[in-house]
Protein chains: 2
Amino acid sequence: MEVKPPPLRVTAAAPPPAREKLADAAYAALKASILEGLLPPGVETAEQAIADQLGMSRTPVHEAALRLQHEGMLQVLPRKGVRVLPLDPEDLRQTYEVLIALEGAAAALLAAQAHPAALAAMERATAEMGQALAAGDRAAWAAADDRFHRALVEGCGNPKLARLAATATDQAQRARALTAARRPEPVLSAEEHGAILAALRAGDSEAARAATARHRARASAEILSVLRG
Amino acid sequence: MEVKPPPLRVTAAAPPPAREKLADAAYAALKASILEGLLPPGVETAEQAIADQLGMSRTPVHEAALRLQHEGMLQVLPRKGVRVLPLDPEDLRQTYEVLIALEGAAAALLAAQAHPAALAAMERATAEMGQALAAGDRAAWAAADDRFHRALVEGCGNPKLARLAATATDQAQRARALTAARRPEPVLSAEEHGAILAALRAGDSEAARAATARHRARASAEILSVLRG
DNA sequence: CCATACCACCTTCCATACCAGTATCCCCAG
DNA sequence: CTGGGGATACTGGTATGGAAGGTGGTATGG
């Protein structure tokens, strides 16, 4: 089945008007609820119920559910409802492998160019992580860590890569939120971030990639061991 | 805005039933039409018109359009229609960087494990590429090349990575289809594939990653130079 | 003849209605 | 009491109509 070329009207590129849509609101609300753990894994609920809570109809909720399904956060089961996917260790392993690939590439790209602003942001985030750790504020630590990685992928000059990495990070964040209490203090992250920064400053792409990969691989192993019990 | 935990009903994991939906058909039809060039870049058309051609309503077409938009093939412009995105060289560069990262990681993973079936498939594909090239059959060559890369990412043991790589490959395929006529004979690919296979057989992850990255980087540079004129 | 303002059409987005399918529960038979 | 069969009700997938909004065309005034 093919779509035949309709009456042509070639246009130049145009900036997206970006009106806020209800579907976007539903997406954000659902995602936030899942990431915060308000909707624990395994929960099943009907689209209609979600629509009622959000004060909209099923249509935008359905669209949001499909998007989240695409990202692997939930599953829409016909005649069953939408189900928040449990954190499958195997799934998480795959996600971390993707994340290692993407962030490693981002680090290599960033090392190959001068980008003082990104490096500064990453240094600031690392410093804040140290402060938060000293203060025992795990939430602040996680936020600063998130800023570090976000600055890394957003500074590499590849928005597509950054977007994919952000999606994978969202998944990993879920796992970190659920295992935070059972993991030891994240004292290693700061020095690993330091190693990444050093490689970036030196402009050594391979070292930057390797340091980033090591950092994520260690975190992955740690979380997986906790998750697997 | 948050979704409060509704009446819980925790269930065990279940395999997806995977009924075929009209939305999937619309997605496939649209994507094929774009990849084949039937819907050239820049074209604007209404969702209604597509729905009419496919003999369905606007709802599944809209869903398909959103999916394609997510993949970067088109753009849904409110009150304008869906627009097939032009092949922006900058965009393609980003896509290839993602592809290099993902396929490089896949090669490294594959090298670290024994997977004779995948290697055999890749060797077969490479041989078929040689035959197609000798016969002057560009289409068969492209198909065999596609099989090579598909076997690589699907053999690495990470379906998530494979899916992302497949999406990126689709984008690259569009560019290859549009520039095929203006590019030289792809004689280098076969030996580059050979280098990748050698590294995989040797179990050398780093060499496999490097060889894969080099292969894609060369193709990327070639296509981009043609595309930029 | 050109510029401007108004109007009408066409678009997506959302709400609502319909449909088909299946899981569940109840009832009856053994 | 237990097992099976069927009716029922609830679900998501799809269709459709209405509303909001923007664009292009046209008409009018300078």
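The sequence lines fix the lettering, A, B, ..., with proteins before strands; numbering per chain opens at 1.
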>> Set out, in order, the CA-CA distance, both residues' side-chain angles and the distance that settles salt bridge (Lys or Arg N to Asp or Glu O under 4.0 Å) for B/Glu128 and B/Arg147, then state yes or no.
In response: CA-CA 10 Å; B/Glu128 287 166 10; B/Arg147 275 198 297 281; 2.4 Å; yes

>> Pairing check on D/dC1: which nucleotide meets the Watson-Crick or G-U wobble criteria with it, both distances under 3.5 Å?
In response: C/dG30

>> Rounded to whole Å, how long is the line connecting atom CD of A/Glu63 with atom C1' of D/dA15?
In response: 17 Å

> To the nearest Å, how far apart are A/Leu22 CG and D/dA19 C1'?
Replying inline: 13 Å

>> Expressed as a whole number of angstroms, how long is the span from A/Leu66:CG to C/dC14:P?
In response: 14 Å

>> Working note: B/Ser220 + B/Arg216, criterion side-chain hydrogen bond (donor to acceptor under 3.5 Å, both in side chains); need CA distance, chi angles, decisive distance, verdict.
In response: CA-CA 6 Å; B/Ser220 167; B/Arg216 282 296 198 187; over 6 Å; no

> So does A/Arg93 pair up with A/Glu97, basic N to acidic O under 4.0 Å?
Replying inline: yes

> salt bridge (Lys or Arg N to Asp or Glu O under 4.0 Å) with B/Asp170: which of B/Arg67, B/Arg176, B/Lys31?
Replying inline: B/Lys31

>> Please confirm whether the shortest side-chain N or O distance from A/Thr59 to OP1 or OP2 of C/dC14 is below 4.0 Å.
In response: no

> Salt bridge check: are B/Arg218 and B/Glu222 linked by an N-O gap of less than 4.0 Å?
Replying inline: yes

> Are any side-chain N or O atoms of B/Asp137 and backbone N or O atoms of B/Ala132, one a donor and one an acceptor, separated by less than 3.5 Å?
Replying inline: no

Nucleotide N/O to protein N/O under 3.5 Å, stretch nucleotides 7-12 of chain C:
residue	atom	partner	partner atom	Å
C/dT12	OP1	B/Glu47	N	2.7
C/dT12	O4'	B/Arg79	N	3.3

